Structure formats: structure tokens, C-alpha cells
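Structure record follows, encoded as C-alpha cells.
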Amino acid sequence: MKNNIKEEYQQPQKQEFLFDGINYKILLIGIAVIALGFILMSGGGSDNPNVFNEDVFSFRRIRLAPTTVLLGFGITIYSIFKKTK
């Protein structure tokens, strides 16, 4: 009886990943889209604090970048909830 128990513990257990490979690929795409959104948000500042720069309110920083970040979050959430076969 004890020999069977020892044999069960000595067998290497196969490590299983939480997700499939496609889930990780979609997750990495989502993270890249989020990073792109934050890159689009950057800039627009002024070197002189007494001078106001209108580029802060450009379409890219006000509409495009936050939408890109939210899209990236949606992609990452989809990759987490995607069912595997």
C-alpha cells in the first residue's frame, strides 16, 4: 500500500497553464494597444510654464488616445473571458 502512494507522489505532474496560447496572444495585443494609447496621450506640454500650449486639447489627446486605451482594456478583458476548447 505504501509503495503505491510513493509512486503517485514521485510521478512528475504536468504543469498546466491557466489560458491557451491564443489567450496570451490576444492579451499581449491588448497590452500593446493600451501602450499605444498612452503614447498618443503624451506630449503637448510647454517648456515655459507661463505660456499656454493649445496642443493639450488636440483631437489626438482628447478623443483618440482615451478611446484607444479603452479599446485595449476591452481586448484584454476579452482575452481573459475567452473560452478555450
Side-chain angles (χ1 to χ4, degrees):
M1 185 80 167
K2 287 188 175 184
N3 289 337
N4 292 338
I5 295 172
K6 286 182 182 179
E7 290 175 8
E8 288 179 19
Y9 287 117
Q10 290 177 352
Q11 293 177 355
Q13 295 180 0
K14 183 180 177 185
Q15 176 150 0
E16 294 183 25
F17 289 107
L18 188 58
F19 301 119
D20 282 343
I22 189 72
N23 293 76
Y24 288 112
K25 290 176 186 175
I26 296 172
L27 182 68
L28 289 176
I29 290 170
I31 291 171
V33 171
I34 292 170
L36 176 66
F38 279 110
I39 289 169
L40 288 173
M41 269 189 234
S42 67
S46 178
D47 295 332
N48 186 354
N50 296 325
V51 177
F52 180 72
N53 190 353
E54 285 289 327
D55 283 342
V56 172
F57 298 114
S58 68
F59 172 79
R60 185 184 84 185
R61 290 184 184 89
I62 296 296
R63 301 275 184 219
L64 183 63
T67 305
T68 305
V69 170
L70 289 175
L71 180 68
F73 282 131
I75 292 171
T76 55
I77 290 170
Y78 172 75
S79 72
I80 291 170
F81 286 127
K82 184 178 182 320
K83 293 282 186 186
T84 56
K85 291 183 180 179

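In this text the structure is predicted, and so the values were computed from the model without any measurement. The figures that follow rest on heavy atoms only: side chains count, while hydrogens, waters and symmetry mates do not.
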Minimal non-hydrogen separation, Phe38 against Val69, with atom names: N-CG2, 3.9 Å
Would you list the atom pairs, donor with acceptor, under 3.5 Å between side chains in residues 53-60 and any protein atom, with sequence neighbours excluded?
{"residue": "Asn53", "atom": "OD1", "partner": "Asp55", "partner atom": "N", "Å": "3.2"}
{"residue": "Asn53", "atom": "ND2", "partner": "Gly44", "partner atom": "O", "Å": "3.4"}
{"residue": "Asn53", "atom": "ND2", "partner": "Gly45", "partner atom": "O", "Å": "3.3"}
{"residue": "Ser58", "atom": "OG", "partner": "Asp55", "partner atom": "O", "Å": "3.3"}
{"residue": "Ser58", "atom": "OG", "partner": "Arg61", "partner atom": "NH1", "Å": "3.3"}
{"residue": "Arg60", "atom": "NE", "partner": "Leu40", "partner atom": "O", "Å": "3.1"}
{"residue": "Arg60", "atom": "NH2", "partner": "Ser42", "partner atom": "O", "Å": "3.3"}

dist Thr68:OG1 -> Arg63:CZ (nearest 0.5 Å) comes out at 13.0 Å
Count I, L, V, M, F, W, Y as connected when their side-chain heavy atoms are under 4.5 Å apart, and connections chain through other members. Are Met41 and Ile62 then in the same cluster? no
Straight-line distance of Leu27 CG to Ser79 OG, nearest 0.5 Å: 4.0 Å
Looking only at non-hydrogen atoms, find the nearest pair between Gly37 and Ala65 and report the distance. O-CB, 3.4 Å
Do you reckon Tyr24 sits in the same ILVMFWY cluster as Ile80, going by side-chain contacts under 4.5 Å, direct or chained? yes
Quick one: do Ile34 and Leu28 end up in the same hydrophobic cluster if we chain Ile, Leu, Val, Met, Phe, Trp and Tyr together by side-chain heavy atoms under 4.5 Å apart? no
Pairwise distance OG1(Thr76) to CD1(Ile29) - rounded to 0.5 angstrom: 11.5 Å
Same apolar cluster (I L V M F W Y, side chains within < 4.5 Å links), Ile26/Leu71: yes
How long is the straight-line distance from CG of Asn23 back to NZ of Lys83, given to the nearest 0.5 Å? 11.0 Å
